[in-house]
Visitor: 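Pasting a structure here, questions to come.
Basis for what follows: all heavy atoms, side chains included, without hydrogens, waters or symmetry-related copies. For the single chain, residues carry numbers from 1 onward in sequence order.
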Amino acid sequence: MIVVAQRCSSASVSIDGSVVSEIDLGLLLLVGIEKRDGQSDIQKVVNKISSIRIFDDEDNKMNLSVMDVNGSLLVVSQFTLCGSVKKGRRPSFLNAETPELSFILYENLITSFKEAGIHTFGGSFGKMMKVGLINEGPATFVINSKEI
């Protein structure tokens, strides 16, 4: 599972001009689900994201987690993170999980964040979305469940 975590002061998802989800302070998570991802990958990602200290403390040092700042998560499925551009001029998505299984894992990820006590909202799986973001810092981190 590949996650791009972007620290934000606000983020939103719109479909056909209507906002379907939005957050203020927190993290926008772009999530790519790869073949062979499962519940253990979800747990690794939830543990890392809930505790990683990437928000500023009173001394402007990255020393606080999303939970410490009572932040929220906006979780957006993005299968293109699983694309490979090693060959040719067109990405290959052979490593992306099927939409059916990806949907289940995506929903389980959102549920797991909520169970961890984090205010969590989702995009619209499989839909064409417009994602808005005010990235704070900017601060962006790539988290791969196979590397943590």
Visitor: Run through the side-chain heavy atoms of Ile, Leu, Val, Met, Phe, Trp and Tyr, join any pair under 4.5 Å, and report what else lands in L30's cluster.
Guide: I2, V4, V13, I15, V20, I23, L28, L74, V76, L81, F121, M129, V131, L133, V142
Visitor: How long is the span from the CE atom in M67 to the NE2 atom in H119, to the nearest 0.5 Å?
Guide: 9.5 Å
Visitor: Please evaluate residues M1 and N144 with respect to the criterion side chain to side chain contact (heavy atoms under 4.5 Å, CB included), reporting the C-alpha separation (whole Å), side-chain torsions for both, the decisive distance (0.1 Å), and the verdict.
Guide: CA-CA 6 Å; M1 184 173 293; N144 187 325; over 6 Å; no
Visitor: With rounding to the nearest 0.5 Å, note down the distance linking OG in S92 to NZ in K86.
Guide: 10.5 Å
Visitor: What do you reckon, is NZ of K44 surrounded by more than 12 foreign heavy atoms closer than 6.0 Å?
Guide: yes
Visitor: How long is the gap from CD on E136 to CG on D56, to the nearest 0.5 Å?
Guide: 9.0 Å
Visitor: Verify the cluster assignment for V19 and L29: are they in a single hydrophobic cluster under the rule of side-chain heavy atoms below 4.5 Å apart?
Guide: no
Visitor: State yes or no: do V31 and F79 share one hydrophobic cluster built from I, L, V, M, F, W and Y residues joined by side-chain heavy-atom distances below 4.5 Å, directly or via other members?
Guide: no
Visitor: K35 side chain to L94 main-chain N or O, any donor-acceptor pair under 3.5 Å?
Guide: yes
Visitor: Is the backbone N or O of G123 less than 3.5 Å from a side-chain atom of S21, with the two atoms forming a donor-acceptor pair by type?
Guide: no
Visitor: Hydrogens and angles aside, do N108 and T111 bring a side-chain donor and acceptor to less than 3.5 Å of each other?
Guide: no
Visitor: Check this for me: E22, atom CD, are more than 12 non-hydrogen atoms of other residues, nucleotides or ligands nearer than 6.0 Å?
Guide: no
Visitor: About how many Å separate CD1 of I49 and CG of L73, when rounded to the nearest 0.5 Å?
Guide: 7.0 Å
Visitor: So, S102 and E97: side-chain donor and acceptor under 3.5 Å apart, yes or no?
Guide: no
Visitor: Do V3 and F93 belong to the same hydrophobic cluster, where Ile, Leu, Val, Met, Phe, Trp and Tyr are linked whenever their side-chain heavy atoms lie under 4.5 Å apart, directly or via other members?
Guide: no
Visitor: Distance alone, cut at 3.5 Å: any donor-acceptor contact between the side chains of D24 and S9?
Guide: no
Visitor: Report the C-alpha distance between N95 and R36 in whole Å, list the side-chain angles of each, state the deciding distance to 0.1 Å, and finish with yes or no for side chain to side chain contact (heavy atoms under 4.5 Å, CB included).
Guide: CA-CA 9 Å; N95 202 36; R36 294 175 296 286; 4.0 Å; yes
Visitor: Any idea how Y106 and F125 line up, ring-wise: parallel (<30°), tilted (30 to 60°), or perpendicular (>60°)?
Guide: tilted
Visitor: I'd like to know if K130 and D16 make a salt bridge, using a cut-off of under 4.0 Å between side-chain N and carboxylate O.
Guide: no
Visitor: Determine whether N135 and T140 make a side-chain contact, defined as any pair of heavy atoms from C-beta on separated by less than 4.5 Å.
Guide: yes
Visitor: Are M62 and I134 co-members of a hydrophobic cluster defined by side-chain heavy atoms under 4.5 Å apart?
Guide: no
Visitor: Between D37 and K146, is the closest basic N to carboxylate O distance under 4.0 Å?
Guide: yes
Visitor: Give me the atom names and distance for the closest heavy-atom approach of C82 to G32.
Guide: SG-C, 3.6 Å
Visitor: Kindly compute the distance separating CD1 (I104) from CD (Q39), expressed to the nearest 0.5 Å.
Guide: 11.5 Å
Visitor: Going through the checks in order, is the side chain to side chain contact (heavy atoms under 4.5 Å, CB included) test met by F103 and I33?
Guide: CA-CA 9 Å; F103 176 72; I33 298 172; over 6 Å; no
Visitor: Is there a chain of hydrophobic side chains (I, L, V, M, F, W, Y, each step under 4.5 Å between heavy atoms) that links F141 to L27?
Guide: yes
Visitor: To the nearest 0.5 Å, what is the distance between CD1 (I148) and CG (N47)?
Guide: 8.0 Å
Visitor: Go through F113 and V45 one step at a time and tell me if the side chain to side chain contact (heavy atoms under 4.5 Å, CB included) criterion holds.
Guide: CA-CA 9 Å; F113 278 125; V45 166; 4.2 Å; yes
Visitor: Got a salt bridge between R53 and D68, using NZ or NE/NH1/NH2 to carboxylate O under 4.0 Å?
Guide: no
Visitor: Provide the closest heavy-atom pair for I118 versus G71 in the form atom of the first, atom of the second, distance.
Guide: CG2-O, 4.0 Å
